[in-house]
Amino acid sequence: MIEFKLPSLGSDMDEGTLLEWKVGVGDTVKKGQVVAIVDTTKAAVDVESWQEGTVHQLIAEVGQKMPVGTVMALLLESGEKPAPGSAPGVGAGETVIMAAPVPRRMVSPAARKHAEEEGVDLDSITGTGPRGAVTLQDVEAAAAALKQRPAPRAVSAEPAAKVADKAAEKLADMRKTIAAAMSRSKREIPHYYVAEDIPLARALAWLQAANAQRSMAERLLPAALLLKAVALALRRFPELNGYWRQENDNAGFVPVAAINLGVAISLRQGGLIAPALLHADGKPLTLLMQELTDLVKRTRAGSLKSSEMNEATITVTNLGDQGSQAVFGVITPPQVALVGFGRIAERPWAENGGLKVLPVVTASLSADHRVSDGHRGALFLLELNDLLQRPEELDQ
Amino acid sequence: MTDAEIRAVALATLLSIAPEVETDELRGDRPLRSQVDLDSMDWLNFLLGLHEKLKVDIPEADYARLIALDDVVGYLHKKLGGT
C-alpha cells in the first residue's frame with residue numbers, strides 16, 4: 001500500500017488545505033500526474049504523485065487543513081490486492097491520524113477565482129456540487145443574479161468588502177510565511193556576499209539580432225540569457241546547487257545533479273513565490289523563454305505544480321525592472337545560494353586604458369559559508385561573466 | 001481607428017495583465033510601466049496583446065519609443081494608417 005502524503009511545497013510550508021481531488025477511488029495514477037489541488041499560504045498548487053498505483057482510498061476531505069506529511073490517500077501498488085477489511089472509499093481510514101477538519105466552504109478553485117473577479121460572496125451561495133461544493137456554474141449564476149438585481153450601493157458593496165478582507169487575510173498569511181522562512185535563513189545560514197559588474201554589450205547585441213528574426217511571440221528577454229548563463233555556470237560549481245540537510249546531529253550539504261532555478265516572481269497583490277524552472281541548463285533559449293513566460297503566468301494565476309514548488313535547487317532574483325542597481329538576497333532554506341541581478345543600464349566602463357559607455361548589470365551571489373567560500377563564489381561570478389560574453393553558446 | 005478606440009484597446013489589454021489598475025487615475029503623459037509596476041515580462045505581454053488585438057507588428061527597435069500611454073496610442077495610430 002502506498003501512502004500519498006501532503007508534500008512540503010517549499011521550506012516555508014507547514015500545512016495546506018485540500019481544495020479538490022483530481023482523482024477518484026479506482027483511478028489509475030501515473031508518475032507526475034496531478035492528483036489534488038492544495039491551498040498553501042502562497043498559492044493553490046497542483047500536487048503531483050511520484051508513484052504509480054490505483055487509488056484505494058481518499059482519506060483527506062475537501063476543505064480539510066492538514067500538516068505537511070499527513071496521509072491524504074492510499075494507493076494500491078501494481079498487482080496489489082487490498083487487505084481484508086480495508087474498505088475502499090472516501091475518508092474511511094482507521095490507521096491514520098488526521099488533522100481536525102476546519103469548517104470551510106467547499107469551493108472549486110475556478111469557482112473561487114471567478115467569485116473574486118465578480119465580487120460574489122461565496123457564503124451567499126448554495127452549492128450544487130458534490131457534498132454541497134460550490135461550482136463554477138453556481139458562481140456564474142450568482143454573478144448574473146447580482147448584475148440583474150438593482151441593489152442599493154451599500155448592499156452591493158458588502159460582498160466586495162468581504163472579498164477584499166479575504167484577500168488581505170491571504171496576503172497577511174503569505175507575509176507571515178515569508179517572515180518565518182527569511183528569519184530562519186538569517187538565523188541559521190551564515191551568508192556571504194560577492195558581486196561582479198558584467199558588461200552586456202555582446203549579449204544584448206546578439207539578443208537584438210536574434211529577436212529581429214523572431215515573431216513578437218517568440219522574442220527573448222535578457223532574463224532568459226541571464227538565467228541560462230547562471231544554469232550553465234552552476235555545472236562547474238556544484239557546491240552552490242543543492243540543499244543543506246540537518247537530521248538530528250547529522251548535518252551537511254547534499255548536492256543535486258539537476259539544476260532547477262527557482263525564479264523569484266512578485267505577485268501583483270503583494271508577496272512573492274519562487275517556483276522552479278526545471279533542468280534549466282539543458283534547455284535552448286527559446287524553450288527556456290517559453291517556460292519562463294508560462295511559469296510567470298501560472299504563478300500569478302495560482303496554478304503551479306508541486307514539483308515546481310519544492311524542487312528549486314537555487315534561487316535567482318532580478319530587481320532590475322524595479323530600478324535597483326544591485327540586490328543581495330536572502331537564501332531560501334534549505335538551498336545554499338541565491339543569485340541576484342540588478343538593472344541593466346549604460347555605465348562608464350574603463351578597459352585597456354580607454355573609457356567607453358556600455359550596458360552593464362551587477363550580478364551578486366549570496367551563499368552559505370558552511371558549504372562554500374567567497375573565493376569559489378567569486379569564481380562563479382567570473383564564470384557567469386565569461387558565459388555572457390559568448391551569448392551564442394547559451395542557445396544550446 | 002480613432003485615438004479613443006486605440007486607447008480603449010490599450011487599457012483593456014493593460015487590465016488583462018494588471019487587473020488592479022485604476023485606469024481613470026492613469027496619466028497618459030507619464031511613464032506607464034512605473035505607474036502600474038509592470039516588469040519586463042508584463043511589458044512584453046502588453047505589447048504582444050496589442051499586436052494580437054490590432055494586428056500591428058511592433059519591432060523591438062521601437063520599444064524605446066513607447067514610454068507613456070500617449071506614446072503607445074500615437075505609435076499605434078500611425079501604424080494603423082492614421083495621420
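Just the heavy atoms: all of them, side chains too, but no hydrogens, waters or symmetry mates, feed the values below. A note on names: the letters A, B, ... follow the listed sequences, proteins ahead of strands, and every chain is numbered from 1.
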M41(B): which of D321(A), L295(A), V296(A), I265(A) passes side chain to side chain contact (heavy atoms under 4.5 Å, CB included):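 That would be V296(A).
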Heavy-atom side-chain contact between L44(B) and M289(A) under 4.5 Å: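 Of all side-chain heavy-atom pairs linking M289(A) with L44(B), at least one is under 4.5 Å.
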Contact origin within E20(B) toward chain A - heavy atom pairs under 4.5 Å: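 Contact with chain A is through the side chain of E20(B) alone.
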Atom NZ of K297(A): over 12 foreign heavy atoms under 6.0 Å: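 No, NZ of K297(A) has 12 or fewer neighbouring heavy atoms, counting only those of other groups under 6.0 Å.
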For atom NZ of K305(A), is the number of surrounding heavy atoms from other residues, nucleotides or ligands below 6.0 Å larger than 12?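 For K305(A), atom NZ is not crowded (no more than 12 foreign heavy atoms under 6.0 Å).
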Any ion pair linking D42(B) and R300(A) (charged N to carboxylate O, less than 4.0 Å)?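 Result for this pair is yes, salt bridge flagged.
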Ion pair R268(A)/D37(B), N-O distance below 4.0 Å: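 Looking at D37(B) together with R268(A), the answer is no, because their closest N to O distance does not fall below 4.0 Å.
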Please output the residues of residues 207-220 of chain A in contact with chain B, using a heavy-atom cutoff of under 4.5 Å, in numerical order.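 Expected list: L207(A), Q208(A), N211(A), M216(A), A217(A), R219(A), L220(A).
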